[in-house]
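These notes are about the structure you will find just below.
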Amino acid sequence: MGEDYNTSITVIKNNLIVALPAEMTDSCIQNIEKMITEKAYQKNIHGVLLNFSMVTVMDTYTYRAFEYITRVFSLMGIQTIWVGLSPGVVFGLIDLDVAINTRIKMAVNLEIGLTLLN
Amino acid sequence: MNKKFQEADDKLKAQILDQIPTPVMAVNKELIVTYMNEAGKKLLKNRSEDIIGIACKDIICTDQCGTDDCAMLKAMRSGKTYSSRTEATLGGQTIPLEFSAVPLVDDSGKIIGGLEFVLDITERVLYENRLKEQNHTIREMSTPTIKLWEGVMVLPVVGVVDSMRAQHMMESMLTKIAETYAKVIILDIHGVAAVDTAVANHLIKITKATKLMGCDCILSGISPAVAQTIIQLGIDMEAINTRATLSDALTEAFLMLNLEVNKKKQ
């Protein structure tokens, strides 16, 4: 407990909206993963929106972890969309030369993300 | 005879020191001024008697005075030369200075103080600032991100793409996408004379970055010559959506946004 604070999970019309905190530790990401996969399984979820708009720091590990989560969801037949990566975070990821998975769907804000899900 | 030479030599040395056009100052280990040449006195608008015996921080006041950053202290401690830039307050005026601090040693090689020579770089700093401003202006001019349609942005690139410029282009594009929620961005490289591996790499990086923001990037303005070079160099551009002209790219953007342009019925 205490690790996963600031993460809010909302369910709207079979879609799961996960607002991620500004900074995440490794164990925090694992907690989030566990929480959202279980919730998605229980509540008959069709799509997941990962909201990164509050995230200020993202390293290779964090990127990989969320890519992994996205793949887990796709195996469960759930579409995942990354939303609101800020320019600074993107700049950092490109600087780190992260191998970007172009198959993951991204959106600039929640509204566009939701229309992409429907 | 020898002594006479020595005296003449000493006099000459003092004259040489006094005639050097930049200020030279010597201090002892307690940072009390022991010598100041003519140029230094002129800069300080002060007479010799008032200077010698005063702590150097009382004459030339900088931000480093009294801290561990003091170049003179560092030079005396390590026995090496330290050069640095600072701003000094002289008689209520702040002027940029460049200085070198050297440890002063006696015949036996013991460090007895420090020697400092100072250059007034007001002119140079002015020039540098102007250059920086111009650089900024040129950079701003060289990367305009223009809104072409609702959700469509275009960034025309003219000239040479180096890594600095590519970074700036990426920065400008990403902030614009975040501001306007654009869905498609067209990168028009019509004005880029040569595309080599480095430039292509930058372009690929930019498209990846826009993808992460949830915005599709179309690369347009690829002339036959550029296309041929890219293929000859063996660069893999498969991951990027490329079009020959800006109008082709715009058509593609309309397709992506499910828009249709029709001729008005007569």
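Proteins come first, then strands; the chains are lettered A, B, ... in the order of their sequence lines, and each starts at number 1.
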Expected output: side-chain B:K211 to main-chain A:I104 donor-acceptor under 3.5 Å |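 Looks like yes, one N/O pair under 3.5 Å.
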
Locate the shortest heavy-atom distance separating [X] from [Y]; write the atom from each residue and the value.
X: B:L174; Y: A:V90; answer: CD1-CG1, 3.6 Å
X: A:F91; Y: B:E171; answer: CE1-N, 3.7 Å
X: B:K208; Y: A:I94; answer: CB-CD1, 4.0 Å
X: B:Y181; Y: A:I112; answer: O-CD1, 4.0 Å

With only heavy atoms counted, which part of [X] is less than 4.5 Å from chain B, the side chain, the backbone, both or neither?
X: A:I81; answer: neither
X: A:L85; answer: both
X: A:S86; answer: backbone
X: A:N101; answer: neither

Above 12 or not: heavy atoms from other molecules or residues under 6.0 Å from [atom1] of [X]?
X: B:H168; atom1: NE2; result: yes
X: B:E179; atom1: CD; result: yes
X: B:E128; atom1: CD; result: yes

Pick from A:S53, A:G88, A:A107: which one has the most heavy-atom pairs with chain B under 4.5 Å?
->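 Winner by heavy-atom pair count: A:A107.
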
Quick one: pull up CG in B:L212 and CG in A:L93 and give me the separation to the nearest 0.5 Å.
->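 Between atom CG of B:L212 and atom CG of A:L93 there are 6.0 Å.
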
State the CG-CD1 distance between A:N109 and B:I177, to the nearest 0.5 angstrom.
->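 Between atom CG of A:N109 and atom CD1 of B:I177 there are 12.0 Å.
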
Do you know which of B:M170, B:K183, B:M173 has the most heavy-atom pairs under 4.5 Å to chain A?
->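 Ranked by heavy-atom pairs under 4.5 Å with chain A, first place is B:M170.
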
Is there a side-chain contact between B:Q167 and A:D95, using heavy atoms and a 4.5 Å cut-off?
->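 In short, these two side chains touch, coming nearer than 4.5 Å.
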
